[in-house]
Each structure stands twice: as structure tokens, then as C-alpha cells.
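See structure below.
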Amino acid sequence: MSANRKGDRRERELVNRLDEAGFAVMRAPASGSATDRDLPDVLAGDDGRFYAIEAKSSSGDPIYLSGEEVEALIYFAQNFGAKARIAVRFDREDWYFFHPGDLYTTDGGNYRVKKETALADGTDFEELVGHSERTTLDDL
């Protein structure tokens, strides 16, 4: 399966999960290529929570995003009134979400998410949709 087809399948999977969690959700098919406007991959909203999401998946490690992708997401989210989120999914793992400011920035101005970072520090799906809250040892 081509990387594009796999990415599209993963985006549809995320849209379906958000829909099942009660969000109004839409996918911007071929975001970035069908129009000159920079669009996020997914828009989702639920009772006052609005997300503009750039979704990336990988069978390997790590996931990279260009500085331009992240800047376009932030710009769109601010103008739309949504929270910008980067969604990452590694094979055999669930979706994890990051605020763009929480991503590691490379020397070249791009962004990187390693699998171990996603598992340790990412917001999981249940927390994103409000079905659970993260508790750390510091909270106890």
C-alpha cells in the first residue's frame, strides 16, 4: 500500500473515532494539494471544543513535519478559533496528540515526534475527547 493511501486510511480512521466520540468532524481530502489554501487534515468540534488537526502516521520512527506545515496549521487554527493539534500514530499504537509548541524543533526548523515521546508525553485519544484526565505522580 502506498504511503499516501495509508495516510488517507489513517485520517479516515481518526475521523471515524472522533465521530464515534460525539464530535462533528470533517476531513479535508487532499489537504494541501487540492487548493492553494493551507488546510488542516481534520476539523472537529464538540460543545465548545474545536480542533484543527494535522495527522501523521508512520510504520517507523520518528515522524517529521515541516516548519511550513506547522505554521500553516497554527495560522488556520487561530483564524478559525480552534486549537491546533498534531496527531501522530505509529503502527500498532493509538493516536497521540500534541500542541505544536510542545514538539521538538530540529536545527533546520522542522518538527519531530519520536514514538517513545508520543507514548510518554502525548495526549491520548480518550483525554483529547474528554473521556479521561491524565494524572501524574506530581498530582498525587
Side-chain angles (χ1 to χ4, degrees):
M1 177 180 302
S2 76
N4 284 348
R5 284 184 52 209
K6 184 175 182 181
D8 291 347
R9 183 169 52 89
R10 296 284 194 214
E11 286 177 15
R12 286 190 299 275
E13 169 192 300
L14 178 58
V15 165
N16 290 336
R17 296 239 359 238
L18 287 164
D19 181 62
E20 291 166 5
F23 279 72
V25 62
M26 66 171 279
R27 179 174 168 255
S31 59
S33 63
T35 177
D36 289 337
R37 293 186 305 276
D38 291 316
L39 301 173
D41 294 323
V42 176
L43 287 172
D46 174 33
D47 194 29
R49 288 180 294 185
F50 301 100
Y51 296 109
I53 301 170
E54 187 67 27
K56 298 290 181 186
S57 63
S58 176
S59 59
D61 186 37
I63 291 174
Y64 287 94
L65 297 100
S66 73
E68 292 81 19
E69 281 179 295
V70 174
E71 289 170 15
L73 174 67
I74 293 168
Y75 177 80
F76 181 93
Q78 288 175 338
N79 286 330
F80 195 77
K83 296 177 183 177
R85 292 295 181 265
I86 305 295
V88 297
R89 186 178 184 290
F90 295 92
D91 282 2
R92 293 176 286 290
E93 298 295 343
D94 200 1
W95 286 99
Y96 290 91
F97 302 85
F98 291 88
H99 181 280
D102 295 335
L103 298 178
Y104 175 81
T105 307
T106 67
D107 291 340
N110 295 316
Y111 295 84
R112 179 184 77 202
V113 181
K114 291 184 176 181
K115 182 177 180 178
E116 62 262 17
T117 303
L119 298 177
D121 299 329
T123 298
D124 68 16
F125 185 83
E126 295 300 316
E127 186 178 355
L128 180 86
V129 300
H131 294 169
S132 72
E133 288 186 25
R134 180 182 305 218
T135 302
T136 65
L137 290 177
D138 295 334
D139 297 332
L140 300 176

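Keep in mind that the numbers below use all heavy atoms, side chains included, and drop hydrogens, waters and symmetry copies. None of the values given here were measured: they were computed from a predicted structure.
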Using every non-hydrogen atom in the two residues, find where [X] and [Y] come nearest and quote the distance to one decimal.
X      : Y     : value
Ala55  : Asp41 : N-OD2, 2.8 Å
Ala82  : Ala52 : CB-N, 3.8 Å
Pro40  : Leu73 : CB-CD1, 3.8 Å
Pro100 : Ala84 : CD-O, 3.3 Å
Thr106 : Tyr64 : CG2-CE2, 4.2 Å

[X] side, atom [atom1]; [Y] side, atom [atom2] - distance, nearest 0.5 Å:
X      : Y     : atom1 : atom2 : result
Phe125 : Leu18 : CZ    : CG    : 4.5 Å
Ile53  : Leu14 : CD1   : CG    : 5.5 Å
Ser59  : Arg92 : OG    : CZ    : 8.5 Å
Leu103 : Leu65 : CG    : CG    : 7.0 Å
Tyr111 : Glu54 : OH    : CD    : 12.5 Å
Phe90  : Asp61 : CZ    : CG    : 5.0 Å

* Give the intermediate values and the outcome of side-chain contact (heavy atoms from CB on, under 4.5 Å) for residues Met26 and Val42. => CA-CA 6 Å; Met26 66 171 279; Val42 176; over 6 Å; no
Salt bridge between [X] and [Y], side-chain N to carboxylate O under 4.0 Å?
X      : Y     : answer
Arg27  : Asp8  : yes
Glu13  : Arg89 : yes
Lys115 : Asp91 : no

* To do: Could you tell me which residues satisfy salt bridge (Lys or Arg N to Asp or Glu O under 4.0 Å) with Asp46, sequence neighbours excluded, listed by chain and number?
  => Arg49
Donor-acceptor pair, side chain of [X] and main chain of [Y], under 3.5 angstrom:
X      : Y      : value
Gln78  : Tyr75  : no
Thr105 : Gly109 : no
Asp38  : Ala72  : no
Tyr51  : Leu128 : yes

* Does Leu43 reach the side chain of Phe76, with side-chain heavy atoms less than 4.5 Å apart? -> yes
* To do: Please lay out, stage by stage, how Lys56 and Glu69 fare under the test side-chain contact (heavy atoms from CB on, under 4.5 Å).
  => CA-CA 11 Å; Lys56 298 290 181 186; Glu69 281 179 295; 2.6 Å; yes
* Asked: Is there a salt bridge (charged side-chain N to carboxylate O under 4.0 Å, His left out) between Asp102 and Arg85 once you walk through the steps?
  -> CA-CA 10 Å; Asp102 295 335; Arg85 292 295 181 265; over 6 Å; no
* Please assess Val113 against Tyr104 for the test side-chain contact (heavy atoms from CB on, under 4.5 Å), listing each intermediate value before the final yes or no. => CA-CA 7 Å; Val113 181; Tyr104 175 81; over 6 Å; no
* Stepwise, does the side-chain contact (heavy atoms from CB on, under 4.5 Å) test hold for Thr117 with Tyr96? -> CA-CA 10 Å; Thr117 303; Tyr96 290 91; over 6 Å; no
* Answer yes or no: are there more than 12 heavy-atom neighbours, outside Asp47 itself, under 6.0 Å from its atom CG? => no
* Asked: Is it true that Leu119 and Val88 fall in one hydrophobic cluster, defined by side-chain heavy atoms closer than 4.5 Å?
  -> yes
* When hydrophobic residues are tied together by side-chain contacts of less than 4.5 Å, even through go-betweens, does Phe98 share a cluster with Phe50? -> no
